[in-house]
A.B. asks: 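Once you've had a glance at the structure underneath, I'll fire off some questions.
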There are 2 protein chains.
Amino acid sequence: MAKHDPDLSLIFHALADPTRRAMLTRLAEAPARVTELANPTGLRLPTVMRHLSVLEEAGLIVTAKDGRVRTCALVPEAMAPVRTWLDTQRDIWEARLDRLDDYVTRLMKERTK
Amino acid sequence: MAKHDPDLSLIFHALADPTRRAMLTRLAEAPARVTELANPTGLRLPTVMRHLSVLEEAGLIVTAKDGRVRTCALVPEAMAPVRTWLDTQRDIWEARLDRLDDYVTRLMKERTK
DNA sequence: ATCATGCTTAGCCATATATCTAACTATCCC
DNA sequence: GGGATAGTTAGATATATGGCTAAGCATGAT
């Protein structure tokens with residue numbers, strides 16, 4: 001089981017923290033500067049920066065500095081790999097149910113023969 | 001930003017590891033015993049057990065022991081909170097686009113007035 | 001009863017995470 | 001220029017994570 005999909009791992013890891021999810025939710029409303037994101041968290045700035053860089057490295061947000069203000073914005077397409085993975089997972093599961101179905105169907109034909 | 005949704009954090013954290021995702025994919029095909037899941041990983045059993053318990057604590061799988069064999073099975077509904085979160089996130093984003101739309105529309109009416 | 005099989009437990013180790021404080025840098029405003 | 005504002009950098013620390021080995025404990029087969 002090699003380390004495929006480093007993206008997915010980065011994204012899921014970024015999403016695994018409630019503070020970071022809250023930040024994403026905030027950013028879904030509108031872009032925001034660093035202190036704006038920090039405020040509701042009660043965390044110190046360096047800590048917030050760390051969270052932001054995790055989000056940025058996962059590709060979930062982009063940031064840009066204008067003067068002394070850094071503005072952060074959501075990258076909504078970045079969630080796509082997650083949906084894709086979930087869908088693939090579901091497809092496999094459903095294919096399995098179908099096979100079961102076939103099996104049951106075959107059994108019943110056998111019976112009523 | 002309190003620690004709501006411990007579930008989501010547990011689930012995302014469980015999904016953040018490629019080995020664990022591979023195990024889930026395998027289990028989407030069919031239930032499997034521990035050694036069966038361990039084989040393709042090249043990892044030692046205790047390590048595999050650890051991964052399995054992370055998955056189980058996140059509610060993504062269930063396991064049961066029959067004799068000396070423990071069988072693991074996927075709990076596909078367990079992914080639901082993830083989809084819900086993604087959908088909510090998307091809704092917020094789209095509501096935002098709508099507001100932008102309104103804004104632009106208003107501006108244009110203003111112009112052609 | 002004995003032995004192999006299939007986990008389990010306990011404990012070690014290295015690295016990664018989340019948080020902080022303290023000190024520094026770069027703007028902006030007067 | 002000088003002070004306030006907005007980040008940033010550089011550690012320090014505590015805990016968590018992912019991996020291992022070694023030893024233990026049921027259960028199934030002979």
A.B. asks: C:dT17 P sits how many Å from B:D17 CG, rounded?
C.D. replies: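 Interatomic distance, CG of B:D17 to P of C:dT17: 12 Å.
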
A.B. asks: Can you find a side chain N or O atom of B:T47 that sits less than 4.0 Å from OP1 or OP2 on D:dC20?
C.D. replies: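 For D:dC20, OP1/OP2 do have a side-chain N/O of B:T47 under 4.0 Å.
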
A.B. asks: Measuring to OP1 and OP2 of D:dT8, would you say a side-chain N or O of A:R50 lies under 4.0 angstrom away?
C.D. replies: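 Checking D:dT8 against A:R50, no side-chain N or O comes under 4.0 Å of OP1 or OP2.
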
A.B. asks: Do any N or O atoms from the side chain of B:D17 and from the backbone of B:R20 form a donor-acceptor pair under 3.5 angstrom?
C.D. replies: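 Yes, the answer is positive, given that a donor and an acceptor are paired below the 3.5 Å cut-off.
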
A.B. asks: Considering only heavy atoms from C-beta outward, does the side chain of B:M79 approach that of A:W93 to under 4.5 Å?
C.D. replies: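 Not in contact.
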
A.B. asks: Roughly, in whole Å, what's the span from NE2 in A:H13 to C1' in D:dT17?
C.D. replies: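 These atoms are roughly 10 Å apart.
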
A.B. asks: Is there a donor-acceptor contact under 3.5 Å linking the side chains of A:T71 and A:R33?
C.D. replies: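 There is no such pair between these side chains.
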
A.B. asks: Rounded to the Å, how far apart are A:M49 CE and C:dC24 P?
C.D. replies: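 After rounding, the gap between these two atoms is 18 Å.
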
A.B. asks: Taking atom types as they are modelled, is there a donor-acceptor pair under 3.5 Å from the base of C:dT19 to the side chain of A:R44?
C.D. replies: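 Checked by distance alone, the answer is no.
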
A.B. asks: Are A:H51 and A:V54 close enough that some pair of their side-chain heavy atoms sits under 4.5 Å apart?
C.D. replies: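 Side chain of A:H51 against side chain of A:V54, heavy atoms only: no contact under 4.5 Å found.
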
A.B. asks: Using whole Å, what does the distance between atom C1' of nucleotide D:dT17 and atom CD of B:E57 come to?
C.D. replies: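 Computing the B:E57:CD to D:dT17:C1' distance gives 13 Å.
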
A.B. asks: Give a yes/no on whether any side-chain N or O of A:K65 is located under 4.0 angstrom from OP1 or OP2 of C:dT27.
C.D. replies: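 For C:dT27, OP1/OP2 do not have a side-chain N/O of A:K65 under 4.0 Å.
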
A.B. asks: According to a strict under-4.0 Å criterion, is A:H51 in side-chain N/O contact with OP1 or OP2 of C:dT19?
C.D. replies: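 For C:dT19, OP1 or OP2 has a side-chain N or O of A:H51 closer than 4.0 Å.
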
A.B. asks: Calculate, to the nearest 0.5 Å, the distance between atoms CG and CZ belonging to B:L27 and A:R96 respectively.
C.D. replies: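 Output value for this atom pair is 9.0 Å.
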
A.B. asks: Among the candidates D:dG7, C:dA18, C:dG6, find the nucleotide nearest to the side-chain atoms of A:R70.
C.D. replies: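 Looking only at side-chain atoms, A:R70 lies closest to D:dG7.
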
A.B. asks: Assuming nearest nucleotide by heavy-atom distance, tell me which of A:G67 and B:V34 is located more 5' along DNA chain C.
C.D. replies: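 Nearer the 5' end of the strand: B:V34.
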
A.B. asks: Could you tell me how far apart A:L52 (CG) and D:dT9 (C1') are, to the nearest whole angstrom?
C.D. replies: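 The answer, rounded to whole Å, is 16 Å.
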
A.B. asks: Choosing from C:dC7, C:dT8, D:dG7, which nucleotide comes nearest the side chain of A:L45?
C.D. replies: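 The closest nucleotide is D:dG7.
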
A.B. asks: If you assign each of A:P46 and A:R68 to its closest nucleotide in DNA chain C, which residue comes earlier from the 5' end?
C.D. replies: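 Counting from the 5' end, the first nearest nucleotide belongs to A:P46.
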
A.B. asks: Does A:R33 put a side-chain nitrogen or oxygen below 4.0 Å from OP1 or OP2 of D:dA6?
C.D. replies: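 For D:dA6, OP1/OP2 do have a side-chain N/O of A:R33 under 4.0 Å.
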
A.B. asks: In whole angstrom, give the distance that lies between atom CG of B:L37 and atom P of C:dT8.
C.D. replies: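 Atom CG in B:L37 sits about 12 Å away from atom P in C:dT8.
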
A.B. asks: Hey, does B:T35 reach any base, or is it just sugar-phosphate, or nothing, if we go heavy atoms under 4.0 Å?
C.D. replies: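 The answer is sugar-phosphate, as B:T35 gets under 4.0 Å only of primed atoms, P, OP1 or OP2.
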
A.B. asks: From C-beta outward on B:L43, which listed nucleotide comes closest to its side chain: D:dC20, C:dC7, C:dT19?
C.D. replies: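 That would be D:dC20.
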
